[in-house]
Every structure is written in structure tokens, then in C-alpha cells.
Protein chains: 2
Amino acid sequence: MATRTAAERRAEAKAEYDAFFAQCPSRQLLERISDKWVALVLAALGGDGPGTNPGDEPMPMRFSELQRRISGVSQKMLTQTLRALERDGMVTRTVTPTVPVTVSYELTGLGRSLQGLMKGIKAWAEGHMEEVLTHRGGFDQGQGAAAD
Amino acid sequence: MATRTAAERRAEAKAEYDAFFAQCPSRQLLERISDKWVALVLAALGGDGPGTNPGDEPMPMRFSELQRRISGVSQKMLTQTLRALERDGMVTRTVTPTVPVTVSYELTGLGRSLQGLMKGIKAWAEGHMEEVLTHRGGFDQGQGAAAD
DNA sequence: CAGGATCCAGTAGGATACTG
DNA sequence: CAGTATCCTACTGGATCCTG
């Protein structure tokens, strides 16, 4: 019976999909978004960054702007990540045919629904860095290990 | 909510760490936790899984139990992931010298502080799967289907 | 400016076999 | 049961060159 609303089907989906199962499509989606570049891109497009506040709203950004903000990302990985996010409906790509082409990316509703979690992950990493470093030091000594 | 926990204040205060910078230690930590196995292990140890509710509390699990729950994980990756999490102070490893050795893993306070986000990521993937598939289909057609 | 196409090194990660 | 060790492949991802 295909006469269901999107909301109804989605509600069902939550029960069917289980990322613990290797064959479940949601496992692949989980792999997709469990990526540092995805996290950083969504955080950047979500308005995160130096001089911004947790409540700042999403804003469109140009390619070069993203690349500047996310230091260390290669143009290949940035392009690749943005393509994947666009394909999955999390960002929109807008081309403005100016003299040198201008392309800007913006979060969709779907993207914004994930962006919060991603900013959370990023913030967690930043906020618990020292705690982790402390545990790490103790572990490496205690185990006599040549860890890392 | 004006009352913040120490962890939350620490997260805000440590503005010195910024994962947008490639050289920042938090970038490496972000890479570490942006991993599907990390997400699944933390979700499993966090009490997520078939027949469980979002509010379920963390519970210690044995190695084989984890491997069964997280289908598709190789023993190598599970061991590797658990070691990394232990080293970073997110899980504790307890060895009980029974006849065949019994080892159980449990979330630490630090681990629990991340487990919520990870369960969120997993739940997001499961809950938005169809929406993503829809967008994906439209994208592949519209762009000449040369995508990925 | 934005990004496609290549080449190529490093490594993630699976399969398998062995151990306490 | 819970690993450790080894081998080996496939993919990740950086560097570089080229185009509209």
C-alpha cells in the first residue's frame, strides 16, 4: 500500500533500519557521515568557526571560503565531500555565472538536522581534549606499551 | 538552563582547541571518533540495540557479545577500536580469570559523555535513510546519473 | 575560482592461523 | 573466549596538472 504519508513511512523506517546490521542501508549512511571532513564541512556550513556562537544560523559559503576555514583539506577531498553531501540532499550547490565562476554551498533542511550533531562532535573533541590526553598518558605508562 | 556542568563549561572555556586547524590536537581526536566502529561500539555499550529504548543505561559487555551485536565487525577492528577507546579513557577493560578468560568492557564517564552523541548519529542515519535515498535518486537522474 | 583527471603512497581493514 | 600476528588487497586521500 503506497498510500502513506512521508511522515508515516519515516516513522516506520526508524523501526526497520538498524545500523547494527551490516547489510542495512543505514550502515552505509553511518559510514558516510562518520567522516572527519563531513563533520567539519557541516560544522562550517552550520555557522561554526572562530568568532561564532553556538546559536549562529547556517550560512552559504563559497568553495574557497570552506577550504580556507577547514585547514588541511585538499581540494579533492572537499569537492568529493561536498558532492556526496549534495547527492544525499544535505547541501545545495549554487552556481553563479559571474566572471570567474562563483559557487556557494548551503545546508538544506536535512543537512541542518545533522549539523547540530556534527557541531556537537566537534565541540566534544575540543572540549575533552585535555581529559583524553591525561588518560592517554596514564595508559601508555601503565601498560608499558609502545603505544603510538 | 543556567546551571552548567563542569564538563560543559570546560568545553566552552577551551576555545583554544579548534578542530578547524589541522595542527590542533583536537583535529586528531575528531578523526578518531569520526569512525563508524567507534560510533557502533559506543552505541552498543551505551545500551543501544534491538529491543532497547533510548533511555537505557550503559551496561558492561563482553567481547563476543559486542562482536555479535555489531554485525560485520572483524575481530581485528573490534579489538583495535576497543584499545583506542580504552587508551583515550572512554571505556574500561576488565579481565576475569575464569576458565576461558572473560573480558568485559564498560563506558567510563568520559565515554558516556560521548555515547549520547554517537547514539544520536546512529539514530539519525536510521531515521533519515529514506529521505536520503529519495534525494539520492533524484540527484543521480538529474545529473546524468554519472554520480558515484 | 571551482573542480575534473591522474598518478601514486600510505594505510585501513579483511582473512587466516596461532596462543593462553 | 579473547585476543595477537601476519599477509595482502582495496581504497583513502594528497600532490600535481589541466580546463572553463
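Just so we're on the same page: letters track the sequence lines, and every chain starts at 1. Note that the structure is a prediction, hence the values are computed from the model and not measured. Hydrogens, waters and symmetry mates play no part in the numbers below; they use all other heavy atoms, side chains included.
- Two residues are said to be in side-chain contact when any heavy atoms from C-beta on lie closer than 4.5 Å; A/Thr94 and A/Glu106 fail this criterion.
- Annotation: the terminal axes of the helix from C/dC1-D/dG20 to C/dG20-D/dC1 meet at 50°, where each axis is the rotation carrying the C1' atoms of four end pairs onto the next four (5 pairs per end, rounded to 10°).
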Restricting both atoms to N or O, compile the protein contacts to nucleotides 3-6 of chain C shorter than 3.5 Å, with distance only.
unit_1: C/dG3; atom_1: OP1; unit_2: A/Arg93; atom_2: NE; d: 2.8
unit_1: C/dG3; atom_1: OP1; unit_2: A/Arg93; atom_2: NH2; d: 2.9
unit_1: C/dG3; atom_1: OP1; unit_2: A/Tyr105; atom_2: OH; d: 2.7
unit_1: C/dG3; atom_1: OP2; unit_2: A/Tyr105; atom_2: OH; d: 3.1
unit_1: C/dG4; atom_1: OP1; unit_2: A/Arg83; atom_2: NH2; d: 2.8
unit_1: C/dG4; atom_1: O6; unit_2: A/Gln75; atom_2: NE2; d: 2.8

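- The shortest side-chain heavy-atom distance between B/Trp124 and B/Ile121 does not fall under the 4.5 Å cut-off.
- For the pair B/Glu126 and B/Lys122, the salt-bridge criterion is met [side-chain N within less than 4.0 Å of a carboxylate O].
- The pair B/Asp35-A/Lys36 does not count as a salt bridge, with every side-chain nitrogen at least 4.0 angstrom from each carboxylate oxygen.
- What separates CG of A/Asp35 from C1' of D/dG13 is a distance of 11 Å, to the nearest Å.
- The interatomic distance linking A/Met77 (CE) with D/dC11 (C1') rounds to 11 Å, in whole Å.
- For the pair B/Ser74 and A/Val101, both in contact range of DNA chain C, the more 5′-proximal nearest nucleotide belongs to A/Val101.
- As a whole-Å value, the separation of B/Glu31 CD from D/dT12 P is 15 Å.
- Taking atom NZ of residue A/Lys36 and atom P of nucleotide C/dT11, one finds them 12 Å apart after rounding to whole Å.
- Summarising the geometry, the separation between CD on B/Gln67 and P on D/dC1 is reported as 10 Å, rounded to the nearest angstrom.
- Each of B/Leu85, B/Thr92, B/Leu82 was scored for a side chain to side chain contact (heavy atoms under 4.5 Å, CB included) with B/Tyr105, with one residue passing: B/Leu82.
- Rounded to whole Å, atom C1' of D/dG13 lies 9 Å from atom CH2 of A/Trp37.
- You'll find the side chain of B/Leu66 reaches within 4.5 Å of the side chain of B/Leu45, heavy atoms only.
- Closest contact between the side chain of B/Ser64 and the listed nucleotides D/dG14, C/dG13, D/dC1 involves D/dC1.
- Taking atom CG of residue B/Leu78 and atom C1' of nucleotide D/dT4, one finds them 14 Å apart after rounding to whole Å.
- The closest side-chain heavy-atom distance from B/Arg93 to B/Val91 is not below 4.5 Å.
- What you find for A/Ala44 and A/Met61 is that their closest heavy atoms are O-SD, 3.5 Å.
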Give the table of side-chain donor-acceptor pairs shorter than 3.5 Å for residues 70-79 of chain A, with sequence neighbours excluded, one pair per line with atom names and distance.
unit_1: A/Ser71; atom_1: OG; unit_2: B/Phe20; atom_2: O; d: 3.3
unit_1: A/Ser71; atom_1: OG; unit_2: B/Ala22; atom_2: N; d: 2.6
unit_1: A/Ser74; atom_1: OG; unit_2: A/Met77; atom_2: N; d: 3.2
unit_1: A/Thr79; atom_1: OG1; unit_2: A/Gln75; atom_2: O; d: 2.8

